[in-house]
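Labels below follow one simple rule: chain letters A, B, ... track the order of the sequence lines, proteins then strands, and each chain is numbered from 1.
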There are 2 protein chains.
Amino acid sequence: MEELPSAKRARPVTINDIAALTGVAPSTVSRALSKPGRVNHATRERIEAAARELNYVPNTQARALSSGRTGTIAVLVSAITNPFYFGIIRGTQQQLKAAGYAQLLIDTEDSGELEAAMLHKMRRSLDGAILAASRLSDRALAALATEIPLVTINRNVRGVQSVIIDTPAGIGQAVEHLVSLGHRDLIYVSGPQSSWPNEARWQALRSSAARHGVQARRAGPFPAERPSGSAAADAVVNTKATACIVFNDLLAIGMLTRLRERGVRVPGDISIVGCDDIFGADFCHPTLTTLTAPIEQAGRVSVSMLLSLLTDRLPDQNQRRCVVLPTHLTVRESSGPIA
Amino acid sequence: MEELPSAKRARPVTINDIAALTGVAPSTVSRALSKPGRVNHATRERIEAAARELNYVPNTQARALSSGRTGTIAVLVSAITNPFYFGIIRGTQQQLKAAGYAQLLIDTEDSGELEAAMLHKMRRSLDGAILAASRLSDRALAALATEIPLVTINRNVRGVQSVIIDTPAGIGQAVEHLVSLGHRDLIYVSGPQSSWPNEARWQALRSSAARHGVQARRAGPFPAERPSGSAAADAVVNTKATACIVFNDLLAIGMLTRLRERGVRVPGDISIVGCDDIFGADFCHPTLTTLTAPIEQAGRVSVSMLLSLLTDRLPDQNQRRCVVLPTHLTVRESSGPIA
DNA sequence: AATGTGCTGGCAACCGTTTGCCAACTTTTG
DNA sequence: CAAAAGTTGGCAAACGGTTGCCAGCACATT
């Protein structure tokens with residue numbers, strides 16, 4: 001059995017092996033590999049060569065244990081079922097990988113307790129967390145933000161950095177669109193009450209409707225899931241309204257299915273506008289008029305913010321930052337002139 | 001400023017603090033918390049009480065460093081864009097959380113090299129990995145499996161545990177369905193060549209078509225993305241075939257869009273059958289006839305297999321295990337009798 | 001020539017937990 | 001009643017890095 005030098009040791013390569021090979025102290029190896037300027041250029045080259053030769057891979061756990069930095073960011077979503085989060089995850093994934101961080105994906109199952117418990121349990125093994133659609137109270141969030149670097153998405157709390165997708169501003173466009181098509185009676189199909197954007201969207205719709213002198217009513221709340229679309233559709237039909245704006249596309253697509261079953265024509269009998277422009281909004285039947293949100297960008301931006309928070313360490317200056325991303329109305333087939 | 005005892009120490013609680021409080025050695029605390037039977041019941045109770053009181057959270061890194069177990073499983077997907085993987089991720093997420101493991105999500109961007117590099121780099125910080133749609137060669141996979149516990153999904157390699165979604169078997173049903181509708185000329189719309197299931201599906205289609213005495217041709221390959229559907233649709237139209245089976249639903253949905261643009265009627269002019277039954281297959285227009293795959297279940301099963309591999313440590317007995325999950329044909333609107 | 005300064009590298013103490021080994025004590029057994 | 005076996009708990013050495021502190025050296029300054 002001839003064994004290559006590299007195969008001889010089943011035990012993984014450590015900085016000590018590199019130190020032994022190059023004749024320097026382990027500490028020097030550590031510095032050469034992680035603090036570029038701290039060692040002589042020549043020795044550093046030698047060490048890097050040796051590391052390459054030995055096929056050295058640093059041990060993340062050990063590094064984390066002594067330095068406190070884990071190189072891991074958690075991304076919490078409230079329900080992986082929802083395609084909206086896929087976009088977020090895609091965005092965070094891209095940025096995190098580019099920055100050399102690992103992404104820990106956590107589903108909080110729409111439960112604030114689970115969210116808090118998870119975060120608390122993992123806070124020592126994370127460098128930071130991104131909360132997409134947190135169900136936590138403002139106080140709980142602010143408290144958590146002192147324990148661990150945090151960025152929230154679609155949730156505005158003092159003292160916590162955040163990325164806000166400005167769907168409420170887009171609602172104005174949607175209302176104008178519907179009003180110009182002749183609609184005078186708008187229904188807001190409400191999502192979960194515990195959702196922060198839900199409330200914001202309703203308020204935006206109400207004030208916008210008032211500005212245009214049209215009626216605004218509210219149906220729901222409904223869970224933000226496709227099956228709930230049936231109940232939502234029935235509720236809306238019952239109001240005799242001619243147009244509705246729906247909390248999100250998932251629910252709106254569910255409604256479309258139900259309305260088709262019932263023989264209600266869209267947009268002939270009723271116009272439907274969704275929010276988010278998720279996967280599927282452009283190929284459902286009819287295709288969905290919706291407020292297109294820069295979902296993936298939101299994920300990317302949240303990571304950038306979090307990382308700069310980690311490196312800059314400017315507790316006060318940065319603490320208030322809040323990035324607002326604009327949305328726009330994408331008109332498709334589900335909205336049309338009043339019959 | 002009154003401070004509660006727990007708030008007094010900014011430094012996180014360690015087993016030493018618990019040891020000091022209960023008057024035992026740190027090692028005893030460690031054992032009480034992780035090896036239930038190893039300490040006296042009474043002392044264990046005391047220790048657990050103290051741990052609760054101090055709000056102790058074990059340090060994952062330290063535990064991993066000395067024990068070698070990290071409590072983390074990586075899930076590698078080739079493109080998070082693809083809704084198919086959402087199902088997988090959902091399944092793995094559920095099982096992993098239930099078992100107390102953390103899920104590291106990695107997007108390999110369809111690159112075998114990136115996949116191998118990532119896995120190699122992280123192998124020491126992982127307890128195992130689940131490879132959904134690996135782009136690695138059989139040899140590379142087998143080699144990797146000796147470095148780190150592995151379960152593949154939709155990839156059958158000797159020496160590597162796997163979960164196979166048996167779409168090829170379902171293809172038989174799909175062919176029968178189409179043949180019974182009068183189709184005599186079937187096109188297989190091919191996905192990426194590097195994809196293992198792609199080849200398997202084509203072979204299944206071919207042999208099944210032969211059995212029924214109908215023609216089977218092949219178009220492509222095309223990337224498994226929605227935009228590629230345009231090219232695929234055009235290619236299929238050009239063949240004058242009356243029915244096609246498409247590598248996956250994503251591509252099929254892309255084709256639907258294009259065919260509609262071109263005014264080609266589905267299923268009037270051409271019948272389309274997809275594979276997987278992803279999110280959207282039931283509300284696209286027309287709704288998609290497809291081979292429904294137990295995607296989420298595949299994710300769950302793969303985790304179960306991996307975890308049992310970790311605990312049982314039966315290198316030979318288990319090494320060959322391969323779970324096959326059945327699929328079935330779901331007939332919707334996109335397939336119909338020949339004109 | 002003496003002092004100051006900047007650059008390198010080594011020493012050794014951590015980081016928080018696990019675990020092999022041993023000692024003391026209790027119980028069972030012959 | 002002595003020896004064997006089983007419990008229970010402590011000691012101390014890992015695990016693999018990071019980092020504060022110090023020393024040696026070269027060079028520039030006065």
Side-chain angles (χ1 to χ4, degrees), chain A residues 9-48 50-51 54-72 100 121-127 310 313, chain B residues 9-48 50-51 54-72 100 121-127:
Chain A
R9 38 174 62 260
R11 204 170 51 77
V13 181
T14 73
I15 54 169
N16 297 296
D17 299 322
I18 302 181
L21 185 62
T22 51
V24 300
S27 50
T28 305
V29 176
S30 169
R31 281 193 276 255
L33 265 27
S34 48
K35 312 233 149 88
R38 186 59 175 73
V39 297
N40 186 298
H41 185 68
T43 40
R44 182 180 149 203
E45 299 252 293
R46 273 171 46 223
I47 290 172
E48 284 181 339
L54 260 37
N55 192 18
Y56 168 71
V57 178
N59 181 319
T60 329
Q61 335 296 332
R63 193 201 294 271
L65 184 55
S66 56
S67 72
R69 282 165 274 111
T70 62
T72 301
K121 205 175 61 187
M122 318 205 73
R123 73 183 188 287
R124 312 253 16 251
S125 27
L126 297 174
D127 284 354
L310 293 183
R313 285 273 170 231
Chain B
R9 40 172 61 261
R11 202 171 52 77
V13 181
T14 73
I15 55 169
N16 297 297
D17 300 322
I18 302 181
L21 184 62
T22 51
V24 300
S27 50
T28 306
V29 175
S30 168
R31 281 191 276 254
L33 264 28
S34 48
K35 314 231 147 98
R38 185 60 174 71
V39 297
N40 187 299
H41 185 68
T43 40
R44 183 181 150 204
E45 300 252 291
R46 272 170 48 221
I47 290 173
E48 284 181 339
L54 260 36
N55 193 17
Y56 168 72
V57 179
N59 181 318
T60 329
Q61 336 295 333
R63 194 202 294 272
L65 184 56
S66 59
S67 73
R69 282 167 273 112
T70 63
T72 301
K121 206 175 61 188
M122 316 207 72
R123 72 183 189 287
R124 314 246 19 247
S125 28
L126 296 174
D127 284 354

Trainee: On a heavy-atom basis, which atom in B/Ala25 and which in B/Ala19 lie closest, and how many Å separate them?
Mentor: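 Reported closest heavy-atom pair: C-CB, 3.9 Å.
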Trainee: Rounded to whole Å, how long is the line connecting atom CG of B/Asn16 with atom P of C/dC15?
Mentor: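 My rounded result for the distance is 9 Å.
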Trainee: Roughly how far apart are A/Arg31 CZ and A/Ile47 CD1, rounded to 0.5 Å?
Mentor: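 A/Arg31 CZ to A/Ile47 CD1: 10.0 Å, rounded to 0.5 Å.
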Trainee: Find the distance A/Ile47:CD1 to C/dT8:C1' and express it as a whole number of Å.
Mentor: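 Interatomic distance, CD1 of A/Ile47 to C1' of C/dT8: 11 Å.
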Trainee: I need the B/Ser67 OG to A/Gln61 CD distance, nearest 0.5 Å.
Mentor: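 Here the interatomic distance stands at 9.0 Å.
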Trainee: What integer distance in Å separates B/Gln61:CD from D/dC15:P?
Mentor: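 Spelled out: CD on B/Gln61 to P on D/dC15 is 18 Å.
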Trainee: Rounded to the Å, how far apart are B/Leu65 CG and C/dT17 P?
Mentor: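 Rounded to whole Å, this separation is 12 Å.
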Trainee: CZ/A/Arg63 to CG/A/Leu33 distance, rounded to the nearest 0.5 angstrom?
Mentor: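 Those atoms lie 8.0 Å apart.
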Trainee: Within a strict 4.5 Å, meaning less than it, do heavy atoms of the A/Asn59 and B/Leu65 side chains meet?
Mentor: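 Side-chain contact under 4.5 Å: yes.
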Trainee: Taking N or O atoms only and anything under 3.5 Å, show me the protein contacts with nucleotides 18-22 of chain C, one pair per line.
Mentor:
unit_1	atom_1	unit_2	atom_2	d
C/dT18	OP1	B/Arg63	NH1	2.7
C/dT18	OP2	B/Ser30	OG	2.5
C/dT18	O4'	B/Ser66	OG	2.7
C/dT19	OP1	B/Arg69	NH2	3.1
C/dT19	OP2	B/Lys35	NZ	2.4
C/dG20	O6	B/Arg31	NH1	3.3

Trainee: Please give me the minimum heavy-atom distance between A/Pro26 and A/Ile15, naming the atom from each residue.
Mentor: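 Closest approach of A/Pro26 to A/Ile15, heavy atoms only: O-CD1, 3.8 Å.
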Trainee: Does any N or O in the side chain of A/Thr70 come within less than 3.5 Å of the main-chain N or O of A/Ser125, such that one atom is a donor and the other an acceptor?
Mentor: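 Pair found, side chain donor or acceptor close to backbone of A/Ser125.
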Trainee: Treat primed atoms plus P, OP1 and OP2 as sugar-phosphate and everything else as base, then score nucleotides 23-28 of chain D 5' to 3': B for base contact with protein heavy atoms under 4.0 Å, S for sugar-phosphate contact only, - for none.
Mentor: ------
Trainee: Output the rounded distance in Å from CZ (A/Arg44) to P (C/dT8).
Mentor: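 Roughly 12 Å, once rounded to whole Å.
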Trainee: Axis-to-axis angle across the helix from C/dA1-D/dT30 to C/dG30-D/dC1, five pairs an end, to 10 degrees?
Mentor: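 Here the helix ends are tilted 40° relative to one another.
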Trainee: Which nucleotide, C/dT17, D/dG16, C/dG9, lies nearest any side-chain atom of A/Thr43?
Mentor: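 For the A/Thr43 side chain, the nearest candidate turns out to be C/dG9.
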Trainee: Dump the pairs, protein N or O against N or O of nucleotides 5-7 of chain C, anything under 3.5 Å, distances to one decimal.
Mentor:
none

Trainee: Got a sec, which residues hit side-chain contact (heavy atoms from CB on, under 4.5 Å) with B/Arg123, two or more places apart in sequence or on another chain?
Mentor: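 With sequence neighbours excluded, B/Arg123 shows a side-chain contact (heavy atoms from CB on, under 4.5 Å) to A/Val57, B/His120, B/Glu147, B/Ile148, given in chain and number order.
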Trainee: Show the numbers, then the answer: is there a side-chain contact (heavy atoms from CB on, under 4.5 Å) between A/Tyr56 and A/Asp17?
Mentor: CA-CA 9 Å; A/Tyr56 168 71; A/Asp17 299 322; over 6 Å; no
Trainee: C/dG9 P sits how many Å from A/His41 NE2, rounded?
Mentor: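 Interatomic distance, NE2 of A/His41 to P of C/dG9: 12 Å.
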Trainee: So, using side chain to side chain donor-acceptor pair (under 3.5 Å) as the criterion, who are the partners of A/Thr72 when residues are at least two apart?
Mentor: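 Scan of A/Thr72 (side chain to side chain donor-acceptor pair (under 3.5 Å), adjacent residues dropped) gives none.
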Trainee: Kindly say whether B/Ile18 contributes a backbone atom to a donor-acceptor pair with the side chain of B/Thr22 at under 3.5 angstrom?
Mentor: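 It does hold such a pair.
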Trainee: Please tell me which of the listed nucleotides, D/dG16, C/dC11, D/dC11, lies nearest to the side chain of B/Ala25?
Mentor: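 For the B/Ala25 side chain, the nearest candidate turns out to be D/dC11.
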Trainee: Ignoring hydrogens and angles, tell me if any N or O in the side chain of B/Thr28 forms a donor-acceptor pair with the backbone of B/Val24 under 3.5 Å.
Mentor: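 Checking the backbone N and O of B/Val24 against the side chain of B/Thr28, no donor-acceptor pair under 3.5 Å is found.
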Trainee: May I have the distance from B/Asn59 (atom CG) to C/dG16 (atom P), rounded to whole angstrom?
Mentor: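 Those two atoms, CG and P, are 7 Å apart.
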Trainee: Any chance you could measure B/Thr60, atom OG1, to A/Leu126, atom CG, to the nearest 0.5 Å?
Mentor: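 The OG1 atom of B/Thr60 sits 8.5 Å away from the CG atom of A/Leu126.
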Trainee: How long is the line joining CZ of B/Arg123 and P of D/dG16, in whole Å?
Mentor: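 Those two atoms, CZ and P, are 12 Å apart.
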Trainee: Determine yes or no for a side-chain-to-main-chain donor-acceptor pair under 3.5 angstrom, with A/Arg69 supplying the side chain and A/Asp127 the backbone.
Mentor: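 Checking the backbone N and O of A/Asp127 against the side chain of A/Arg69, no donor-acceptor pair under 3.5 Å is found.
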